[in-house]
Amino acid sequence: MVYAIHEMVVRGAPAIGAAAAFGLALAASRSKASSVGEMQEELKTAAAALLASRPTAVNLAWGVRRMLAASSGPVGSPAGLCQLMVDEAQQIADEDVQTNLHMAEIGAQLIADGDTVIHHCNTGSLATVDWGTALGVIHMAHQQGKRVHVLVDETRPRLQGSRLTAWELEQYGIPYEIISDGAAGYFLRTGQAQKVFFGADRVAANGDVANKVGSYMLALAANSNGVPVYSVFPTSTVDLSLANGDLIPIEEREEEEVLGIEYKGQRIAPAGAHARNPAFDLTPHSLLTGLVTENGIAYPPFDMNLARLMRVNPDSSRKQ
Ligand code: MRU
């Protein structure tokens with residue numbers, strides 16, 4: 001059971017909170033506990049397994065904490081607790097969709113008709129419950145009738161860009177081309193890209209953003225060519241307990257992902273080769289133009305303006 005729950009959160013991103021929540025609901029549904037107390041203990045064990053699975057994406061802990069808080073409320077029976085877990089997980093999932101829709105509406109204003117946008121990793125419906133974060137903004141701009149063209153970073157080593165983002169853009173009818181991650185600098189320097197968008201796995205109080213490895217290099221190249229860089233994430237991705245991004249734990253994954261084409265199980269490096277595989281990197285706030293959340297867009301100084309957005313009630317940010 002613990003192994004099954006662990007697998008459910010392999011795919012990170014803000015959906016990781018909802019996935020973890022359904023993982024706990026699954027644990028409750030499969031429990032043979034004869035009392036509420038016994039089931040609450042089982043849920044704590046499952047929660048610990050989930051929390052240990054991916055250290056960078058903060059939504060995991062956010063989702064688990066919310067579910068454990070719900071599980072400690074007054075409930076009459078194990079069956080009642082199980083239903084409570086299912087309902088809370090569904091609530092988290094429903095909220096994720098509304099939050100992403102808010103962000104898409106707010107962020108779409110940043111994209112001009114005719115823009116070519118470089119997008120990194122996958123941040124769409126396949127990475128969230130629906131709509132997505134950065135890709136949701138691009139999708140909304142397209143739906144608003146803006147002619148948007150996307151340069152899709154393939155996003156080695158797990159290829160979330162060429163496997164997932166490309167597929168989503170196909171579904172939405174948004175024109176795109178896949179580029180190798182290293183080619184982004186060329187398109188930025190030659191003026192062939194006007195904006196950069198990516199998501200976030202954890203954001204520190206000063207606006208530093210941890211996201212899929214390669215985001216930092218992309219932001220550096222964009223900055224040195226005067227191209228704006230936006231990170232899009234729900235406020236549940238902000239960790240105000242961390243003053244700066246150097247405090248964010250960066251997951252290091254198995255070297256096999258780099259030494260081969262993981263999905264083909266095909267090794268490309270020499271038999272004796274070894275690799276380093278940080279799954280995320282840190283983009284310092286100094287390289288970011290704006291942070292798009294469901295409560296609005298934060299511009300520098302991020303420490304002040306992000307904290308202000310964290311205090312905003314989402315509905316008040318929605319354009320009437
Ligand atoms: O290792 P992954 O696939 O979990 O990494 C995902 C990312 O880094 C995404 O860019 C980020 O989580 C935002 S997804 C809405």
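If you read the sequence from its start, that first residue is 1, and numbering goes on from there. Ligands are counted one by one from 1 in listed order, and the atoms in each one are counted from 1 as well.
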| request: To the nearest 0.5 Å, tell me how far H120 NE2 sits from K212 NZ. | output: 7.5 Å

| With atoms numbered from 1 as shown, which atoms in ligand 1 lie under 4.0 angstrom from a non-hydrogen atom of N122? | 9 (C), 14 (S)

| Region of R54 that comes within reach of ligand 1 [heavy atoms, distance under 4.0 Å] | side chain

| message | Using side-chain heavy atoms (C-beta onward) and a distance below 4.5 Å, is F197 in contact with I111? | response | yes

| message | Regarding ligand 1, does H120 bring an N or O atom to under 3.5 Å of one of the ligand's N or O atoms? | response | no

| So, do M67 and I92 sit near enough that their side-chain heavy atoms are less than 4.5 Å apart? | yes

| query | Can you get from Y186 to V229 by hopping between Ile, Leu, Val, Met, Phe, Trp and Tyr side chains that sit under 4.5 Å apart? | reply | yes

| task | Determine whether the side chain, the backbone, both or neither of R158 has a heavy atom under 4.0 Å from any heavy atom of ligand 1. | result | neither

| query | What part of A134 sits under 4.0 Å from ligand 1 if we count only heavy atoms: the side chain, the backbone, both or neither? | reply | neither

| request: Please could you name the atoms of ligand 1 that C121 approaches to less than 4.0 Å, counting only its heavy atoms? | output: 6 (C), 7 (C), 8 (O), 9 (C), 10 (O)

| task | Identify, by atom number and element, the atoms of ligand 1 in contact range of T133, meaning under 4.0 Å from any of its heavy atoms. | result | 15 (C)

| field | Sub-3.5 Å N/O-N/O distance, K212 and ligand 1 | value | yes

| request: Test side-chain hydrogen bond (donor to acceptor under 3.5 Å, both in side chains) on T235 and E294 and set out the steps. | output: CA-CA 7 Å; T235 50; E294 75 274 22; 2.5 Å; yes

| task | Report yes if the side chains of L81 and L84 come closer than 4.5 Å at any heavy-atom pair, otherwise no. | result | yes

| query | Where does F280 meet ligand 1, judged by heavy-atom distances below 4.0 Å: at the side chain, the backbone, both, or neither? | reply | side chain

| Is the F302 ring parallel, tilted or perpendicular to the H285 ring (thresholds 30°, 60°)? | perpendicular

| Counting each atom of ligand 1 from 1 as listed, which ones have a heavy atom of A200 under 4.0 Å away? | 11 (C), 13 (C)

| field | Student check: side-chain heavy atoms of N211 and F233 closer than 4.5 Å | value | no

| message | Side chains of D181 and E154, heavy atoms from C-beta outward: is any pair under 4.5 Å? | response | yes

| message | Tell me whether F233 reaches ligand 1 (any heavy atom closer than 4.0 angstrom to a ligand atom). | response | no

| field | Numbered atoms and elements of ligand 1 in range of N211, under 4.0 angstrom, heavy atoms | value | 7 (C), 8 (O), 9 (C), 10 (O), 11 (C)

| request: Mind checking whether I16 contacts ligand 1 via backbone (N, CA, C, O), side chain (CB onward), both or neither, at a 4.0 Å heavy-atom cut-off? | output: neither

| task | Given salt bridge (Lys or Arg N to Asp or Glu O under 4.0 Å), test D239 with R202 step by step and report yes or no. | result | CA-CA 7 Å; D239 186 347; R202 193 183 300 220; 2.8 Å; yes

| field | Within-cut-off N or O pair, D201 and ligand 1, under 3.5 Å | value | yes

| said: Check contact between A57 and ligand 1, using heavy atoms of the residue and a distance below 4.0 angstrom. | reply: no

